[in-house]
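These notes concern the structure reproduced below.
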Amino acid sequence: MKYSFFLALFISINTYAQKVEILLIGVSHNYGSYPQQDFSGIHGKIKKFKPTAFFGEFLSREDERLVMDYWCKQDNIKRLETVQKNRNIATEVLPKTIDSLRKLSKLDPKDYRVKVDLAHAYYLDQDVPNGHYQFWQVFNHLQQTPDIELENYVNKLLSPQSDVTGRSMKRLKTSEYAFIAFPMMQEMKIPELLPMDCQDYDLNWTASSIAFHNKFKTFREDTIASYRDELNAILAKRDSGFGKNAGIEKNSKTVTEWLNTDEASAIFASGDFYFPEIYDMKNFPKEEMLSQIHWWLLRNKGMCDNVVNRSRASGMKKVVVIAGANHRKYMQDIFRKMPDVMVRNINEME
């Protein structure tokens, strides 16, 4: 009994004391509408960093089961039902099946049929990030080496043509994972993408957002208000920021580097939160705005906690974190306040 107590205490102390170094990359969720991007600088910095793990903006398989509703829950349920209908595997044998397929894939990395089977098993297990990782490897292979039999097997087992909304197989093809995370993981032989998202507060966030926008519409349409000129100037500043970002996205071949600047972060934040200087204007829905900010900060805090806690639990000291650009600044500020955590965004990596 005493031994068990001291062992647990030792593990707890070690876990807390372990330093975690994070390379944080703010990204676009869709690079398909940009000019052809040059990711060589991003890839070079990741390789120089030498991570042992990558975290992505997905729920863990446990949280996917526990969180009853969030913005893409129904999309995930639809995918799950589709792959179950295509070929189901009993829940109690899924872990053993996944373990066996992992071993087979490791023995023969070029057996893409096994990767399809593994993607299917991951999707059944509600491990979306790793279902996507295996599917992407097969998709990428087919882009370079067409194989009608393999393509038919993918369609039969995974039905990618029907997975088109939410964090779908369709969205995956032009996402940050297709161009940044997965190619680097494959090159570095990192077998799984770790989840870090937190959707515990999504329904509260949505309710706050709806409440804010309903009241803000009335506030903005009050054309005789004393604050009219000041408000118009602030909204013009917001539109100017959006215009600058749109110009960069239309013309730049290194959009990701731009997304990781503080200037870009301020522009993206103004999309949801406008600017603090308007919060004290008469009739501005400040309470609803502060509620939005509250739930947004809690989500970002949850994501940061997931990264650090899961890294320490697995003994991982250097990790890459891939997050939507609007999260980057908030997460970086939170990470900087966490004990024994060192964080740099991709632009700070030499």
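Numbers here are sequence positions counted from 1. Only this structure's heavy atoms are used, side chains among them; waters, hydrogens and symmetry mates stay out.
At a threshold of 4.5 Å between non-hydrogen side-chain atoms, the residues I322 and I180 count as touching. Side-chain contact between L158 and N86 is absent, with no heavy-atom pair separated by less than 4.5 Å. Inter-residue side-chain proximity for Q84 and H120 is flagged as unmet; no heavy-atom pair is nearer than 4.5 Å. Between M185 and I46 the shortest side-chain heavy-atom distance does not fall below 4.5 Å. No side-chain heavy atom of K170 sits less than 4.5 Å from a side-chain heavy atom of L172. Between T256 and S28 the shortest side-chain heavy-atom distance does not fall below 4.5 Å.
A cation-pi arrangement is present between R238 and Y274, with the terminal nitrogen or guanidinium carbon under 6.0 Å from the aromatic centre and inside a 45° cone about the axis. In this structure, K115 forms no cation-pi arrangement with F135, as its terminal cationic atom is not both closer than 6.0 Å to the ring centre and no more than 45° off the ring axis. Geometrically, K282 does not engage Y227 in a cation-pi contact defined by less than 6.0 Å to the ring centre and at most 45° from the axis.
Salt bridge present: E288 and K215 bring a charged side-chain N and a carboxylate O closer than 4.0 Å. Salt bridge status for K103 with D99: present, with a side-chain N to carboxylate O gap under 4.0 Å. Salt bridge annotation for K48-E350: absent, with no cationic side-chain nitrogen under 4.0 angstrom from a carboxylate oxygen. Under 4.0 Å is where a charged nitrogen must lie from a carboxylate oxygen, and between D222 and K217 no such pair does. Comment: K253 does not engage D38 in a salt bridge, judged by the lack of any side-chain N to carboxylate O separation of less than 4.0 angstrom. With salt bridges taken as basic N to acidic carboxylate O contacts below 4.0 Å, none links R79 and D75. The pair R167-D197 counts as a salt bridge, with a side-chain nitrogen and a carboxylate oxygen less than 4.0 angstrom apart. Between D239 and K244 there is no salt bridge, since no side-chain nitrogen of the basic residue lies less than 4.0 Å from a carboxylate oxygen of the acidic one.
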ring-ring contact (aromatic ring centres under 6.0 Å, His included) between F212 and F284, intermediate numbers included
CA-CA 9 Å; F212 168 76; F284 179 82; 5.8 Å; yes

Pair N155, N152 - check side chain to side chain donor-acceptor pair (under 3.5 Å), show working.
CA-CA 5 Å; N155 292 337; N152 288 339; 4.6 Å; no

CA sep, side-chain torsions, deciding dist, call: D117, Y153, side chain to side chain donor-acceptor pair (under 3.5 Å):
CA-CA 9 Å; D117 290 336; Y153 189 61; 2.5 Å; yes

Could you walk me through whether F58 and H132 pass ring-ring contact (aromatic ring centres under 6.0 Å, His included), step by step?
CA-CA 11 Å; F58 293 92; H132 276 2; 5.8 Å; yes

Y123/Q134 under side chain to side chain donor-acceptor pair (under 3.5 Å): CA gap, chis, key distance, verdict
CA-CA 10 Å; Y123 286 135; Q134 297 302 318; over 6 Å; no

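Partners of F179 under the ring pair (Phe, Tyr, Trp, His ring centres under 6.0 Å) rule, at least two apart in sequence or in another chain, are F39. Every residue meeting the side chain to side chain contact (heavy atoms under 4.5 Å, CB included) condition with D262, not counting sequence neighbours, appears here in chain and number order: R328, K329. The side chain to side chain contact (heavy atoms under 4.5 Å, CB included) check on D111 picks up D108, R113, V114, with sequence neighbours excluded. Partners of E287 according to the side chain to side chain contact (heavy atoms under 4.5 Å, CB included) rule, which considers only residues two or more places apart in sequence or in another chain, do not exist here. In this structure H294 satisfies the ring pair (Phe, Tyr, Trp, His ring centres under 6.0 Å) test with no other residue, sequence neighbours excluded.
With hydrogens and angles ignored, the 3.5 Å screen pairs a side-chain donor or acceptor of T52 with a backbone N or O of K318. Between the side chain of R299 and the main chain of W295, no donor-acceptor pair closer than 3.5 Å is present. A donor-acceptor pair under 3.5 Å is absent between the side-chain atoms of T145 and the main chain of L142, judged by distance alone.
Surrounding CD of Q161 are more than 12 heavy atoms belonging to other residues, nucleotides or ligands, all under 6.0 Å away. The neighbour count for K45 NZ, taken as heavy atoms of other residues, nucleotides or ligands under 6.0 Å away, is above 12. In the displayed structure, K73 atom NZ is contacted under 6.0 Å by more than 12 heavy atoms of other residues, nucleotides or ligands.
In summary, the aromatic rings of H327 and W296 are positioned with their centroids under 6.0 Å apart.
Taking CH2 from W71 and CG from L203, the interatomic distance works out to 14.0 Å, rounded to the nearest 0.5 Å.
With hydrogens and angles left out, the side-chain atoms of Y122 and R102 include a donor and acceptor closer than 3.5 Å. There is a side-chain donor-acceptor pair under 3.5 Å between E64 and N76. Side-chain contact, Q37 with Y31: no donor N or O sits under 3.5 Å from an acceptor N or O.
Sorted by first and then second residue, the ring-ring contact (aromatic ring centres under 6.0 Å, His included) pairs with a member in residues 75-110 form an empty list; sequence neighbours excluded.
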